[in-house]
Amino acid sequence: MTKNQILKITDECIKCGFCESVCPTLPAAGYNSIKGARGRIILAQFAINTGEELQISDSFYSCLDCFACLQVCPAGVNAGELSHLMKEEIAEKHINGNRVDIADMIKETILRFRNPLGLNRESAEWASSINFDESDTILFTGDMYQLMAYTKFINYVRKYFDRNLFNAFSRLISRHPDLIKLSRHFYDINMKVKMENNLRNIVRLLKMSGVKFNYLREDEDYPGMFLYDLGYINEFKKYANNVYNKLKKLNVKKIICIDPHTYDLMKNIYPEYIKNYDIEIYYYTDLINMNFEKTSEEITVQQPCHIVLHKNNYRALDILKKSANVKLNEPENLTSCCGGPDELLFPEIASEVSYKRYNNLKQTAGKIITICPLCYNNLSYDENVIDFSDFMIKLIK
Amino acid sequence: MNINNDILNEIRQAAGENNVLQNLEEKIPYKNDASYMPGRIPELVIIPENSDQISRVLKLCTKYKIDVTVRSGGTSLTGSSVTNYNGIIINTMKMDKILELNIASRYVVCQPGVRLDNLNEYLNKYGFFYPPDPASSKASTVGGTISTNAGGLRAVRYGATKEWVLGTEFVTATGEIIRTGEYTLKRSAGYDLTALIIGSEGTLGVLTEAILKIEPLPEKYGRILSFYNDIYDVGSALSAVKNAGITPLIAEFMDLKTINSIRDKLNIKIPDYTQFMLMVDIDSTEASLKGKIENVEKIIKNYTKDVLTIMDQKTMDEIYKARKGAYSALLNQREKKNEIVIIGDVIVPASELPATLKEIKNAVDKMKINVSLFGHIGDGNIHANIFAENTKTGLEKVEKLQMEIAMAAIRHKGCVSAEHGIGTEKNKLLYEEYKERNSLYSLELMKRIKAVFDPENIMNRGKIFYD
Ligand SMILES: Cc1cc2nc3c(=O)[nH]c(=O)nc-3n(C[C@H](O)[C@H](O)[C@H](O)COP(=O)(O)OP(=O)(O)OC[C@H]3O[C@@H](n4cnc5c(N)ncnc54)[C@H](O)[C@@H]3O)c2cc1C
Ligand code: SF4
Ligand code: SF4
């Protein structure tokens with residue numbers, strides 16, 4: 001079935017190369033075509049049609065899932081979606097003997113702990129002094145803000161490891177998942193403080209807007225994004241159903257997501273895998289209903305791919321436009337990826353992409369506002385990169 | 001020649017270790033460009049960073065007689081950027097920097113991997129632009145468009161790429177790094193090697209730098225759309241505009257099938273009888289534009305009653321974008337799953353257009369092939385887009401029709417390729433053109449010139465020349 005889906009996509013492609021011109025991973029990978037949109041399509045077509053023994057995982061796992069390719073493709077082909085299907089083939093069937101050790105490790109830890117690093121308790125610490133409401137609406141962090149401090153640290157350390165050693169380490173953890181919990185000691189302290197503050201900012205903005213909501217604290221499950229993104233579809237399906245059933249048991253009716261990845265997943269992907277899905281999903285910026293000061297400051301905005309290019313909507317940009325002088329780097333319905341999704345598996349590509357994007361944004365305005373923790377983590381090369389919640393909180397009247 | 005381990009090591013050293021792809025999976029994407037011509041998986045792909053590396057690699061390739069294909073954006077429609085032999089591909093995409101902008105002297109210096117839209121985005125910030133504008137400008141590059149002498153929508157006013165290249169840095173097949181032309185708008189200094197390199201389709205060596213002329217952005221322009229049911233009237237209307245001494249900024253036509261493929265993007269009311277649409281841009285100073293446009297409207301109204309003028313920039317931009325996407329949009333008009341759309345590309349002098357269009361239409365009707373027509377009518381360039389099944393019989397039919405269309409163009413003093421180049425797709429047609437003109441010796445001379453740059457015939461073998 002997946003193979004047919006893959007060929008249906010690749011056969012539509014006329015190989016015009018337009019997608020390559022916007023695919024962020026291609027220049028970041030030194031124009032090695034298998035790490036660009038068209039190359040992924042040609043390689044997938046070849047691999048499926050010939051069934052040859054090929055090492056193809058790097059090509060598809062390095063795709064950022066940003067959908068920039070789809071925006072320019074004259075034939076409506078989405079190399080991001082294709083990469084996802086190929087990862088599914090690789091992960092589920094280990095086609096052609098491809099393995100991705102880090103991906104396997106992450107899968108094991110998520111299935112074991114309902115959290116990629118087994119840090120359920122630590123993930124809820126930011127809210128220890130906050131009281132929430134009794135409500136069937138919950139704030140759902142998806143652990144994204146919390147995980148950033150740890151990813152930053154892991155990547156920092158990774159630079160000193162060679163890839164084989166890191167893979168061996170990943171295989172060890174896959175066999176002994178408890179070891180992952182050691183990561184609780186390894187995080188970037190500045191990032192942790194920043195991210196926890198941002199989480200509190202978000203709560204404050206929502207409360208001031210009169211929204212009543214609860215937070216599950218340690219009981220909040222990681223939504224399973226990595227399982228989906230890394231192609232473990234059977235595991236994801238089971239896992240997502242468990243997450244959903246637990247939420248239903250807790251009588252949750254509405255979810256407020258605070259990062260675009262979790263939002264996109266729970267709003268668009270969960271319903272594909274869960275029968276009669278009936279939880280309403282909101283993006284937190286859309287519930288903000290208050291007056292802010294106006295500033296004449298020039299800002300630019302790193303709009304998240306998972307909102308703008310995945311055809312979701314949010315009000316964040318409107319809110320910013322009302323409060324500051326917004327200068328965008330591209331038309332409102334477009335954006336360019338921060339490189340974040342490649343941070344764990346392809347840190348070199350991630351940093352090339354993020355640095356280029358940061359420099360482009362920097363030329364547009366002095367301050368860069370991010371609306372996604374991943375974007376913040378990847379673009380915060382200086383103090384003038386600011387999370388949306390942090391920027392808005394300072395403009396409260 | 002096969003690349004054994006010793007040669008491979010020499011090449012790796014010459015190119016820089018990190019610039020060589022040798023794993024099969026990394027080479028697979030290079031077997032295709034945007035054409036339907038099949039290519040081979042190369043033995044090696046080299047993605048160099050500078051001309052010294054290219055020079056060292058080419059010296060080795062000449063020494064060991066290794067076939068080389070140069071490639072940049074890989075948007076070629078004639079199979080010119082894939083290899084047909086057991087050879088290497090040199091991909092110049094890593095050389096993607098804009099090196100110098102000199103507004104006073106009106107030039108910009110670029111590396112070959114700069115994509116045209118990126119170049120124009122950069123120049124527009126300074127109120128300037130680089131006029132060559134193929135519909136592939138999002139992906140096609142300075143290196144590739146110089147090597148195919150690309151045209152595009154603006155060629156009626158600004159000409160093709162050859163009008164815009166002042167000079168180059170070029171590495172010959174033997175590895176000599178040469179400079180041709182320079183930074184000045186005029187030169188009278190011996191043979192024009194720059195002109196020779198333009199359109200040479202990677203058969204002489206590798207272009208590593210280009211000095212390009214730039215223009216200030218037009219002050220103001222408006223767009224006149226007009227609608228017809230007879231193709232002859234389209235050609236006549238445009239001829240009349242040109243006879244009145246007016247050279248439009250662009251002049252494009254498209255048939256109903258093409259209109260239908262981009263109808264939702266055009267977002268205008270199109271009269272029911274329409275079989276063809278003409279799109280003409282007229283520029284002028286702010287003060288005199290209105291008068292000039294009224295004048296053109298009046299001329300066109302002698303050939304059709306329906307004329308629509310658009311002055312709003314946003315709408316004009318949307319229509320321009322839709323026209324640029326026409327070839328791609330035609331994909332959605334495919335009736336069968338295994339159908340491909342092959343884009344033809346012939347040109348005749350503007351005065352021969354009405355008659356040529358009629359002959360092409362007759363040939364299409366006679367062969368009962370699904371074809372849609374559009375083109376840069378302002379400069380006589382017609383693209384017949386042929387819908388064909390991707391089977392042996394389907395492609396044979398295409399070849400036959402391409403030949404008929406080419407012969408029509410030749411009869412009307414035109415050429416078998418206007419802007420896409422020859423590659424492997426049209427080498428037979430090119431041969432026919434020179435044969436018809438009784439000038440096969442021209443091709444012989446070209447081969448001899450190639451031999452001077454490339455004595456071992458390693459560069460893009462099989463392209464341009466029909467054996
Ligand atoms: C959708 C679509 C629309 C198109 N519309 C137009 C159009 O309107 N007008 C038009 O003219 N063309 C058009 N084309 C054709 C194509 O874009 C042009 O031929 C373009 O010039 C190719 O540029 P490229 O950078 O992709 O070059 P490539 O495809 O990489 O190469 C083209 C040729 O140039 C040579 N070459 C590339 N780089 C170098 C170098 N550095 N040194 C020496 N030789 C080199 C190659 O060997 C090859 O022979 C279109 C193509 C597509 C897919
Ligand atoms: S833009 Fe679309 S049709 Fe063109 S190469 Fe990419 S996927 Fe294929
Ligand atoms: S989704 Fe993004 S990274 Fe992946 S192929 Fe498309 S443009 Fe490239």
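Heavy atoms only: backbone and side chains are in, while hydrogens, waters and symmetry mates are out.
At distances below 3.5 Å, not a single donor-acceptor pair connects side-chain atoms of Glu25(B) with backbone N or O atoms of Ile56(A).
No more than 12 heavy atoms of other residues, nucleotides or ligands shown are found within 6.0 angstrom of NZ on Lys322(A). Sparse packing is recorded around OH of Tyr355(A), with 12 or fewer heavy atoms of other residues, nucleotides or ligands lying under 6.0 Å away. Sparse packing is recorded around CD of Gln13(B), with 12 or fewer heavy atoms of other residues, nucleotides or ligands lying under 6.0 Å away.
For the set Gly17(A), Pro27(A), Ser33(A), the count of heavy-atom pairs under 4.5 angstrom toward chain B peaks at Ser33(A). Comparing Ser136(B), Ser140(B), Ser76(B) by heavy-atom pairs within less than 4.5 Å of chain A, the highest count is held by Ser136(B). For the set Asn19(B), Asp96(B), Asn91(B), the count of heavy-atom pairs under 4.5 angstrom toward chain A peaks at Asp96(B). Interface check for chain B: of the options Arg40(A), Gln45(A), Arg38(A), the most heavy-atom pairs under 4.5 Å are formed by Arg38(A).
With a threshold of 4.5 angstrom between heavy atoms, Leu330(B) does not approach chain A through any atom at all. Contact annotation for Asp33(B): only backbone heavy atoms (N, CA, C, O) come within less than 4.5 Å of a heavy atom of chain A. Heavy atoms closer than 4.5 Å to chain A are found nowhere in Ala326(B), neither backbone nor side chain. Contact annotation for Ile41(A): neither backbone nor side-chain heavy atoms come within less than 4.5 Å of a heavy atom of chain B. Only the side chain of Lys31(B) comes within contact range of chain A, with at least one heavy atom under 4.5 Å from a heavy atom of that chain. No part of Tyr36(B) comes within reach of chain A, as not one of its non-hydrogen atoms sits under 4.5 angstrom from that chain.
For the atom pair Ile28(B) CD1 and Leu54(A) CG, the distance stands at 5.0 Å (nearest 0.5 Å). A distance of 8.5 Å separates NZ of Lys94(B) from CG of Asn32(A), quoted to the nearest 0.5 Å. Put simply, CD on Glu12(A) and CZ on Arg334(B) are 5.5 Å apart, with the number rounded to the nearest 0.5 Å. The OG1 atom of Thr75(B) sits 10.5 Å away from atom CD1 of Ile14(A), with the distance rounded to the nearest 0.5 Å. Atom-to-atom distance recorded for Cys16(A):SG and Leu77(B):CG is 9.5 Å, nearest 0.5 angstrom.
Using a 4.5 Å heavy-atom cutoff, the side chains of Val72(A) and Lys138(B) are in contact.
Shown here for Ile34(A) and Pro29(B), the closest heavy-atom pair between the two residues is CG2-CG, 3.5 Å. Minimum heavy-atom separation, Ala135(B) to Phe18(A): O-CZ, 3.7 Å. In plain terms, the two heavy atoms of Tyr30(B) and Tyr31(A) that are nearest each other are OH-O, 3.2 Å. Ala75(A) and Leu331(B) make their closest contact through CB-CD1, 3.8 Å (heavy atoms, listed as atom of the first residue, atom of the second, distance).
Under the rule for a salt bridge (Lys or Arg N to Asp or Glu O under 4.0 Å), Glu425(B) has no partner lying at least two apart in sequence or in another chain.
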